[in-house]
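Notes to accompany the following structure.
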Amino acid sequence: MLVERRRSAFPGEFIARVGIAWAIISGLLIAINWSAISSNRFPDPDDIMRLVQVRDLLAGQSWFDPTQYRVDAANGGVPMHWSRLVDAPLALVILILTPLIGSAAAETTALVAVPLITLGIAMMLAARIAWRLLGEEEATFTTLVVAISVPVLFQLGPMRIDHHGWQIICALVAINGLMARSPRVGGWVIGGAFAFWLSISIEGLPLAAIAFAVLALRWLKDRNAKLWLISAIQSLALIGLALFGLTRGFGDFATYCDAISPLHLAMFGWGAITLTLLSRLEPAPRGVIFGGFAVAGGGALAMLLTAAPQCAGGGGFSELDPLVAKYWHANVLEGMPVWRQSLMVALQYAVTPLIGVFAAFNLARRSRDWLRGFWADYAMILAGALVVSLFVSRAGAVACVLAAPPLAWQLREWLRAIRLMRNLAPRMAAMTGVACALLPALPAMVLTSAMPARASLAGPANAPIKAIDCRVQDAAEALSALPKGEFYAPFDIAPELLLTTDHTVLATGHHRGHSAMKVLLETALGTADEAQTTLHARGSAYVAVCPALAEARMYSKIAPNGFVAQLMKDEAPEWLEPVALEAVNGLKVWRVKPE
């Protein structure tokens with residue numbers, strides 16, 4: 001039987017344990033990624049775009065204006081939906097270090113230090129759950145589970161400066177709030193964590209709804225637990241309003257589906273007022289309380305459907321042009337369901353949370369009193385995070401990190417059972433099973449290595465290289481020497497053009513610029529004559545493609561006689577003039593001749 005054993009929040013011994021583990025993991029990650037760090041190679045185009053945004057901020061662009069003016073500059077730029085909260089730590093590190101080591105070294109330090117500090121915070125918050133409720137061994141195992149989780153490390157590794165790592169932190173803060181001694185304090189921590197998460201990315205809305213449903217269930221089961229939900233919704237409403245003012249100001253009251261807007265704040269406020277008034281009716285029959293929940297949730301949903309019905313059918317992507325949705329959004333695999341991923345990726349995202357849910361329910365079954373309820377709530381939230389990740393794969397990192405504490409306990413139980421086994425064969429089989437639980441893709445990797453390349457479970461052996469391998473930076477000096485103008489370039493290399501030169505680009509892979517994205521796609525798939533008309537009308541100065549890039553290959557396959565396909569075959573039309581570049585890995589650039 002497990003009993004409650006909550007200790008002090010952050011004792012020295014605990015900090016030392018996690019700190020040593022974090023230092024070792026950070027050192028390994030820096031060593032493994034040294035080539036990428038030294039060559040300024042980013043994991044994803046969004047990381048490049050984040051650095052462009054930070055540079056714009058440091059160059060004097062308003063804190064309240066995240067518009068990228070060098071994307072679709074002909075039409076005034078593209079307003080980004082990203083939060084300045086994520087820009088702040090990067091900008092702060094660069095500002096502090098630039099006078100000491102120079103701007104380039106300060107940037108590199110920020111690109112490495114900020115994600116690794118985020119990793120340390122995640123390890124600390126995850127291990128704290130095990131430390132306070134399970135034991136020292138489980139806390140150590142929790143740091144191990146986090147450290148070997150591929151989805152988590154991808155979001156928290158060097159050069160990964162996009163907002164996904166901070167979403168992980170917010171989820172862990174919310175779970176830590178769930179085990180607070182004071183319902184009022186715990187509720188405010190939970191609501192505040194989700195307020196920060198939603199300010200960073202509205203992708204946190206499904207898990208926030210799940211967590212609030214769990215708090216509502218607490219209220220229904222125990223009338224004295226009402227403060228959990230009331231405090232959480234009040235915190236969400238008030239802190240959400242404060243963060244909106246801090247990051248967006250009060251000059252933009254438009255309703256967006258991809259970011260927190262006044263409509264969402266009104267929904268949170270409605271919920272806070274309704275539930276606060278409902279609590280004054282206690283003691284009341286459960287039917288009355290349940291009806292109050294229906295009024296709070298139904299009223300908020302009615303506000304959304306009335307004021308912004310488009311937001312109920314796909315969020316920020318609901319208004320995409322069909323062409324953009326088909327050839328861009330459908331190919332952003334991290335935003336697609338888990339069944340659209342390769343087997344290795346699917347296993348890494350699904351197996352760990354699934355075992356974590358099983359372990360959390362086991363913990364609830366073996367516990368009593370408060371602890372029994374906590375682990376039951378934890379299991380429901382983790383199960384909800386797993387379901388969310390099945391439909392949006394990039395949410396799998398949150399599910400994996402939440403699974404770490406219960407999985408660590410399960411790992412200790414398995415190892416204890418294995419030690420009692422006398423026969424070697426069952427012991428080896430059990431150890432193999434534990435290894436597969438910690439490294440879910442291991443069986444697929446072994447099987448893949450033993451199969452012919454064509455039958456590989458991981459995908460074709462000759463898969464096209466990523467955008468980061470089409471080295472725009474190698475040509476930065478030559479490209480920067482060209483007169484400033486607009487580049488027609490694939491979505492995946494456009495951010496790097498912005499980072500390494502002062503040129504503008506037609507479009508990047510960011511959905512608020514869907515009008516320009518449609519133009520880019522139509523031009524890629526249309527004829528060379530149509531491309532000439534479009535680019536001359538826009539005043540575009542240059543065209544760039546990378547034949548090895550998956551995006552360019554896709555255009556060529558869809559339209560074998562299209563504009564990009566023609567460039568891929570080195571059959572550039574006469575109205576394009578080649579630009580000589582040296583030592584560039586496949587990048588090809590042309591100057592658009594005057595009309």
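Paired with Leu116 under the rule side-chain contact (heavy atoms from CB on, under 4.5 Å), one option of Ile25, Ile30, Leu156 passes, and it is Ile30. A side-chain contact (heavy atoms from CB on, under 4.5 Å) with His329 holds for exactly one of Met336, His514, His511; it is Met336. Test Thr501, Thr500, Leu587 against Gln473 for side-chain contact (heavy atoms from CB on, under 4.5 Å) and you get one pass: Thr500.
Taking 4.5 Å as the limit, every side-chain heavy atom of Trp131 sits out of range of all side-chain heavy atoms of Val18. Proximity of Leu415 to Phe141: side-chain heavy atoms (C-beta onward) are separated by under 4.5 Å at one or more points. Side-chain contact between Pro353 and Cys400 is present, with at least one heavy-atom pair separated by less than 4.5 Å. With a 4.5 Å cut-off on side-chain heavy atoms, Leu29 and Leu153 count as touching. Two residues are said to be in side-chain contact when any heavy atoms from C-beta on lie closer than 4.5 Å; Leu243 and Leu246 meet this criterion.
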Just list the side-chain donor-acceptor pairs under 3.5 Å for residues 188-213, sequence neighbours left out, or say none.
| unit_1 | atom_1 | unit_2 | atom_2 | d |
| --- | --- | --- | --- | --- |
| Ser201 | OG | Gln167 | OE1 | 3.2 |
| Ser201 | OG | Glu203 | N | 3.2 |
| Glu203 | OE1 | Arg394 | NE | 3.4 |
| Glu203 | OE2 | Arg394 | NE | 2.7 |
| Glu203 | OE2 | Arg394 | NH2 | 2.8 |

Distance-only check: which donor-acceptor pairs under 3.5 Å involve side-chain atoms of residues 84-92, not counting sequence neighbours?
| unit_1 | atom_1 | unit_2 | atom_2 | d |
| --- | --- | --- | --- | --- |
| Arg84 | NE | Trp63 | O | 3.0 |
| Arg84 | NH1 | Asp87 | OD2 | 3.0 |
| Arg84 | NH2 | Ser62 | O | 3.1 |
| Arg84 | NH2 | Asp65 | O | 3.0 |
| Asp87 | OD1 | Arg50 | NH1 | 2.9 |
| Asp87 | OD1 | Gln53 | NE2 | 3.4 |
| Asp87 | OD2 | Gln53 | NE2 | 2.5 |

Throw together a table of side-chain donor-acceptor distances under 3.5 angstrom for residues 169-180, partners on residues two or more places apart or in other chains.
| unit_1 | atom_1 | unit_2 | atom_2 | d |
| --- | --- | --- | --- | --- |
| Asn176 | OD1 | Arg128 | NH1 | 2.6 |
| Asn176 | ND2 | Leu125 | O | 3.2 |
| Asn176 | ND2 | Leu172 | O | 2.8 |

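Listed by first then second residue, pairs satisfying side chain to side chain donor-acceptor pair (under 3.5 Å) with a partner in residues 102-112 read Arg55-Glu107, not counting sequence neighbours. Contacts classified as salt bridge (charged side-chain N to carboxylate O under 4.0 Å, His left out) and involving residues 143-158 (residues at least two apart or in different chains) are not found. The side chain to side chain donor-acceptor pair (under 3.5 Å) pairs that include a residue from residues 23-37 are Trp22-Ser26, where partners are two or more places apart or lie in different chains.
Among residues two or more places apart in sequence or in another chain, the ring-ring contact (aromatic ring centres under 6.0 Å, His included) test is passed with His510 by Trp82. Take Glu551 and apply the salt bridge (Lys or Arg N to Asp or Glu O under 4.0 Å) test, not counting sequence neighbours, and it matches no residue. Take Tyr378 and apply the ring-ring contact (aromatic ring centres under 6.0 Å, His included) test, not counting sequence neighbours, and it matches Phe374, Trp375. The side chain to side chain donor-acceptor pair (under 3.5 Å) test applied to Thr247 returns no partner, not counting sequence neighbours. With sequence neighbours excluded, the residues satisfying salt bridge (Lys or Arg N to Asp or Glu O under 4.0 Å) with Asp377 are Arg218. Legend: residues meeting side chain to side chain donor-acceptor pair (under 3.5 Å) with Ser389, ordered by chain and number and at least two apart, are absent.
Across all their heavy atoms, Gly187 and Ser235 have their closest contact at O-CB, 4.2 Å. Listed here is the closest heavy atom pair of Ala110 and Ile94: CB-CG1, 3.8 Å. Looking at every heavy atom in both residues, Leu215 comes nearest to Ala232 through CD1-CB, 3.6 Å. Pairing each heavy atom of Pro495 with each of Met49, the nearest pair is CB-SD, 4.1 Å. Heavy atoms only, all atoms of each residue included: Ala548 and Arg553 are closest at O-NE, 3.9 Å. The two atoms that bring Ala350 and Leu386 nearest to each other are O-CD1, 4.1 Å, heavy atoms only.
Panel note: side chain Asp162, backbone Asp46; no donor-acceptor pair is recorded below 3.5 Å. Looking only at distances, no side-chain donor or acceptor of Ser149 sits under 3.5 Å from a matching main-chain atom of Val145. A donor-acceptor pair under 3.5 Å is formed between the side chain of Thr143 and the backbone N or O of Thr140. The main-chain N or O of Ala139 is never found under 3.5 Å from a side-chain atom of Arg17 such that the two would form a donor-acceptor pair.
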Residues Met123, Leu119; criterion side chain to side chain contact (heavy atoms under 4.5 Å, CB included); working and verdict:
CA-CA 6 Å; Met123 293 174 71; Leu119 172 62; 4.0 Å; yes
Step-by-step side chain to side chain contact (heavy atoms under 4.5 Å, CB included) determination, Tyr349 to Leu354
CA-CA 9 Å; Tyr349 279 96; Leu354 194 59; over 6 Å; no
Residues His264, Ile260; criterion side chain to side chain contact (heavy atoms under 4.5 Å, CB included); working and verdict
CA-CA 6 Å; His264 300 100; Ile260 290 297; 3.9 Å; yes
With side chain to side chain contact (heavy atoms under 4.5 Å, CB included) as the criterion, how do Asn362 and Arg365 come out once you've worked through the C-alpha distance, each side chain's angles and the decisive distance to 0.1 Å?
CA-CA 5 Å; Asn362 265 343; Arg365 183 173 55 85; 2.9 Å; yes
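Below 30°, between 30° and 60°, or above 60°: for Trp339 and Phe391 the angle between ring planes is above 60°, a perpendicular geometry.
Annotation: cation-pi pair Arg512/Tyr256 present, NZ/CZ under 6.0 Å from the ring centroid and within 45° of its normal.
Annotation: the span from Arg160 atom CZ to Asp47 atom CG amounts to 4.5 Å, rounded to 0.5 Å. One distance of note links CG of Leu499 with CD1 of Ile493; it measures 13.0 Å at 0.5 Å rounding. Going from atom CZ of Arg366 over to atom CG of Leu371 covers 13.0 Å, rounded to the nearest 0.5 Å. Here the straight-line distance linking atom CG of Asn40 with atom CD of Glu496 works out to 8.5 Å at 0.5 Å rounding. Distance CG/Leu236 to CD1/Ile239: 8.5 Å, rounded to 0.5 Å. In this structure, the separation between CD1 on Ile161 and CE on Met159 is 7.5 Å, given to the nearest 0.5 Å.
Under the 3.5 Å distance criterion, with hydrogens and angles disregarded, a donor-acceptor pair is assigned to the side chains of Gln341 and Ser393.
The pair Arg132-Glu138 does not meet the salt-bridge criterion, since no charged nitrogen lies less than 4.0 angstrom from a carboxylate oxygen.
Applying the 6.0 Å contact sphere to CZ of Phe358 captures no more than 12 heavy atoms from other residues, nucleotides or ligands.
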